[in-house]
Amino acid sequence: MAAEYPGLLLLSRNEALRAYVELVLAETGIPVRYFDSAKEGLFWLLDHTPRAILLDEDLDVDPFAAAVRIRHVKRLKEVPLAVLISPSEKLRTTAEVVRVLPITKPLNREKLARFLGMPL
């Protein structure tokens with residue numbers, strides 16, 4: 001049985017992004033678990049169910065392929081899942097096809113709060 005994790009799973013190689021997300025969420029008490037590689041993150045998901053999952057487009061693999069793998073796990077179907085993307089109609093369309101929320105870069109406090117369903 002997978003353990004509930006009350007925080008956000010962030011898959012990104014971008015250290016500045018990870019630091020920013022940690023800083024914003026530290027104020028709310030929501031923990032952040034992050035991994036540099038999709039493989040490590042997917043392995044962690046075998047035993048954990050996070051509150052939400054955010055994938056950066058600058059991941060070591062295609063973030064949409066990782067999102068599809070996550071969506072195929074019955075236990076994770078209802079977990080909010082978003083991909084942080086550059087402003088691009090092609091990427092936005094891909095996100096819609098894969099059925100993940102596209103969040104356009106740059107990430108800010110309001111976008112993160114809206115994704116996590118937090119008050120601003």
Which atom pair, heavy atoms only, marks the closest approach of [X] to [Y]?
{"X": "Tyr20", "Y": "Leu107", "value": "CE2-O, 3.7 Å"}
{"X": "Asp60", "Y": "Ser37", "value": "OD2-CB, 3.2 Å"}
{"X": "Pro87", "Y": "Thr104", "value": "CG-CG2, 3.6 Å"}
{"X": "Leu55", "Y": "Pro63", "value": "CD1-O, 3.3 Å"}
{"X": "Ala67", "Y": "Val100", "value": "CB-CG1, 3.7 Å"}
{"X": "Pro50", "Y": "Leu76", "value": "CD-CD2, 4.3 Å"}

[X] and side-chain contact (heavy atoms from CB on, under 4.5 Å): which single residue from [options] fits?
{"X": "Leu9", "options": "Leu81, Val32, Ile53, Leu54", "result": "Ile53"}
{"X": "Phe43", "options": "Leu46, Asp47, Leu45", "result": "Leu46"}
{"X": "Leu84", "options": "Lys105, Lys111, Glu57", "result": "Lys105"}

Test item: Arg109 side-chain N/O and Val24 main-chain N/O as donor-acceptor pair under 3.5 Å: no
Check: Arg33 side chain, Gly7 main-chain N or O, donor-acceptor pair, under 3.5 Å: no
Straight-line distance of [X] [atom1] to [Y] [atom2], nearest 0.5 Å:
{"X": "Glu4", "Y": "His48", "atom1": "CD", "atom2": "NE2", "answer": "10.5 Å"}
{"X": "Arg92", "Y": "Ile103", "atom1": "CZ", "atom2": "CD1", "answer": "10.0 Å"}
{"X": "Thr28", "Y": "Met118", "atom1": "OG1", "atom2": "CE", "answer": "5.0 Å"}
{"X": "Ile85", "Y": "Lys90", "atom1": "CD1", "atom2": "NZ", "answer": "12.0 Å"}
{"X": "Ile30", "Y": "Leu8", "atom1": "CD1", "atom2": "CG", "answer": "8.0 Å"}
{"X": "Leu11", "Y": "Arg18", "atom1": "CG", "atom2": "CZ", "answer": "10.5 Å"}

Listed partners of Tyr5 passing ring-ring contact (aromatic ring centres under 6.0 Å, His included), at least two apart: Trp44
Residue list, side chain to side chain contact (heavy atoms under 4.5 Å, CB included) with Ala2, at least two apart or on another chain: Thr49, Arg75
By side chain to side chain contact (heavy atoms under 4.5 Å, CB included) - contacts of Leu23 (at least two apart): none
Check: Leu112 and Leu25 side chains under 4.5 Å, non-hydrogen atoms: yes
Common cluster, Phe115/Leu91, ILVMFWY with side-chain heavy-atom separation under 4.5 Å: no
Pair Tyr34-Val21, side-chain contact (heavy atoms from CB on, under 4.5 Å): steps then yes or no: CA-CA 10 Å; Tyr34 55 83; Val21 170; over 6 Å; no
Exceeds 12 heavy-atom contacts within 6.0 angstrom, atom NZ of Lys77: yes
Test log, rule side-chain contact (heavy atoms from CB on, under 4.5 Å), inputs Phe35 and Leu42: CA-CA 9 Å; Phe35 294 96; Leu42 292 172; over 6 Å; no
Side chain to side chain donor-acceptor pair (under 3.5 Å), paired with Arg13, selected from Asp56, Asp36, Asp58: Asp58
